[in-house]
Amino acid sequence: MQQKSSPIVNSVLMIIPPYSALIPLLRRDNALQVWDFDSGRLIKNVPLQIQNSTDKKVCHLYCAKWAGTDFIACGGSDNNAMRIIEKSSIQTIGTLDGLNRGCYTLDYIEINNVPHVTCASGSNVYFMSLNV
């Protein structure tokens with residue numbers, strides 16, 4: 001077991017071989033990171049700002065999950081949003097924003113080969129299908 005000093009880690013989700021960890025951190029900069037599980041080294045920081053967006057509000061991440069092998073789903077508070085990021089380009093391909101509260105949990109499932117992401121915000125559950 002390895003121990004690393006870091007800002008507050010909200011959750012660690014390890015699914016994608018070769019055993020990389022997707023880690024949402026409760027901080028303003030570099031809040032979503034991909035780490036190599038075996039070596040303990042940082043692979044990349046995943047930017048959360050949408051390109052060409054005028055919305056400069058920072059999302060404090062509470063959850064993140066690999067959504068299959070091609071996508072990352074993440075959500076948080078401040079801008080109360082869930083975001084879908086394409087893993088290869090690290091570009092945001094979908095958002096669900098303006099939620100009544102922060103996105104504090106989410107999950108991923110494939111139904112008939114179509115990826116779906118759900119998130120909970122307040123007393124509501126939201127369901128997003130990815131048309132890929």
Checklist entry - Is there a side-chain contact between I84 and T92, using heavy atoms and a 4.5 Å cut-off? => result no
Checklist outcome for this item: Heavy-atom nearest pair, C103 first then L106, reads SG-CD2, 4.3 Å
Checklist outcome for this item: With sequence neighbours left out, the residues meeting side chain to side chain contact (heavy atoms under 4.5 Å, CB included) with Y126 are L96, L99, N100, C119, S121, N124
Item to check | Quiz item: cation-pi between K44 and W35, 6.0 Å / 45° | outcome: no
Checklist entry - What pair of heavy atoms forms the shortest contact from K87 to T69, and how long is it? => result CD-O, 3.5 Å
Next on the checklist: One pair to check against side chain to side chain contact (heavy atoms under 4.5 Å, CB included): V114 and L130. What are the steps and the verdict?
Outcome noted: CA-CA 7 Å; V114 177; L130 304 178; 5.9 Å; no
Checklist entry - Do the rings of Y62 and Y104 sit parallel, tilted or perpendicular, given the 30° and 60° boundaries? => result perpendicular
Item to check | Minimum heavy-atom distance between Y108 and A67, given as atom pair plus value | outcome: CD1-CB, 3.3 Å
Next on the checklist: Is there a side chain to side chain contact (heavy atoms under 4.5 Å, CB included) between I85 and I93? Walk through the geometry before answering.
Outcome noted: CA-CA 6 Å; I85 300 167; I93 61 165; over 6 Å; no
Checklist entry - Does the T95 side chain pair with the main chain of D97, one donor and one acceptor, at a distance under 3.5 Å? => result no
Checklist entry - D107 versus K65: any side-chain heavy-atom pair under 4.5 Å? => result yes
Checklist entry - Between V34 and L42, what is the shortest heavy-atom contact and its length? => result O-CD1, 3.6 Å
Next on the checklist: Is it the case that the ring center of H116 lies less than 6.0 angstrom away from the ring center of F127?
Outcome noted: yes
Next on the checklist: What verdict does the side chain to side chain contact (heavy atoms under 4.5 Å, CB included) test give for V117 and M82, after you've listed the backbone C-alpha separation in whole Å, the side-chain angles of each residue and the deciding distance to 0.1 Å?
Outcome noted: CA-CA 9 Å; V117 178; M82 177 179 70; 3.4 Å; yes
